[in-house]
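Order of listing sets the numbers, starting from 1, for every ligand and every atom in it. Any value given below was found using the heavy atoms of this structure, including those in side chains, with hydrogens, waters and symmetry copies removed. Start at 1 with the first residue, then count along the sequence.
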Amino acid sequence: MADTAQDPRLRLGVNIDHVATLRNARGGAVPDPVRAALLAEAAGADGITAHLREDRRHIRDDDISRLMEAIRLPLNFEMAATAEMQRIALRHRPHAVCLVPERREERTTEGGLEVAGDSDRLADFIAPLAEAGCRVSLFIAADEAQIEAAARIGAPVVELHTGTYCELHAAGRIEARDAELRRLYTGAVLARQLGIEVHAGHGLDFESVGPIAAMPEVRELNIGHFLIGESVFVGLDAAIAEMRARMDAARS
Ligand code: PXP
């Protein structure tokens, strides 16, 4: 999403992938992720995130076309760094492209992108995307080597992987969780020092969002699975409003 250095408000990107997961379970047209995106927009989301996976297990190509047409919010298009995905991104020119690692057998994005060991290829990969006006973000672990590599290849944004923190939080492993939080914080500070905008996401829920939202270096959170699950019980607008309130409370 836009670099809003003057805007202190933490942005919320709503990931609608799992509306498509539910749709695909029956193979029809409902529930429609585009409808969810429009509802999220009305409920105060600042952006919509969708991950077109190589195996199309949730979001499909036509969802991306329909999202590009239907939503006014910026689309954060998550994808693997493959030639096929690059072609799709260049065709649609979404506001942001977030590069994520992808393995077919994984249930969700398990680790961060290896930037340090693949920086020449990634530099070449992101150049045409940046030229097309897409704001490129790299989904990485909060490791110094990865953050420095992201800066070297000129990525304007990194998204720090909060999955381990969330798992430790859910397991009640307080010391390990706090160590992971410190790692995320140190990473966020380093990225800002290197001039990179910092986003964060993966696994966040009402209980875990506070300490991440409280980090002033973090400009945007991308949250999906929990919000879509919660919406079954309270509705998507109420789930988003509650997340927004918790983010704002942590920020203040
Ligand atoms: N950010 C990135 C880069 C992701 O790959 C995902 C999962 O698709 C998320 C955020 C959202 O994670 P979750 O669905 O666990 O909230």
Would you tabulate the side-chain donor-acceptor contacts of residues 235-247 under 3.5 Å, counting partners in other chains and residues two or more places apart, or write 'none'?
from, atom 1, to, atom 2, distance (Å)
Glu242, OE2, Arg246, NE, 2.7
Glu242, OE2, Arg246, NH2, 3.1
Arg244, NH1, Leu10, O, 3.3
Arg244, NH1, Asp46, OD2, 2.9
Arg244, NH2, Leu10, O, 2.6
Arg244, NH2, Asp248, OD1, 3.0
Arg246, NH1, Phe206, O, 3.3

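Among Gly229, Gly224, Ala200, Ser137, the residue whose heavy atom lies nearest to atom 16 (O) of ligand 1 is Gly224. By heavy-atom distance, the residue among His199, Glu159, His202 lying nearest atom 1 (N) of ligand 1 is Glu159.
At least one N/O-N/O distance between His225 and ligand 1 falls below 3.5 Å. Considering backbone and side-chain atoms alike, Glu78 places an N or O below 3.5 Å from some N or O of ligand 1.
Ring centers of His92 and Phe77: at least 6.0 Å apart, outside the cut-off.
Checking His51, His225, His161 one by one against His202, the ring pair (Phe, Tyr, Trp, His ring centres under 6.0 Å) holds for a single residue, His161.
For ligand 1, the atoms closer than 4.0 angstrom to any heavy atom of Gly203 are 12 (O), 13 (P), 15 (O), 16 (O). Atoms of ligand 1 found under 4.0 Å from any heavy atom of Val100, numbered from 1 in the order shown, are 3 (C). Atoms of ligand 1 found under 4.0 Å from any heavy atom of Asn222 (numbered from 1 in listed order, with element): 10 (C), 11 (C). Interface atoms of ligand 1 facing Ile223, defined by a heavy-atom separation under 4.0 Å, are 16 (O).
Applying the side-chain hydrogen bond (donor to acceptor under 3.5 Å, both in side chains) test to Arg26 and every residue at least two apart in sequence or in another chain returns nothing.
The backbone N or O of Gly201 sits less than 3.5 Å from a side-chain atom of Thr162, completing a donor-acceptor pair. Without hydrogens or angle criteria, Glu217 side chain to Tyr185 main chain gives no donor-acceptor distance under 3.5 Å.
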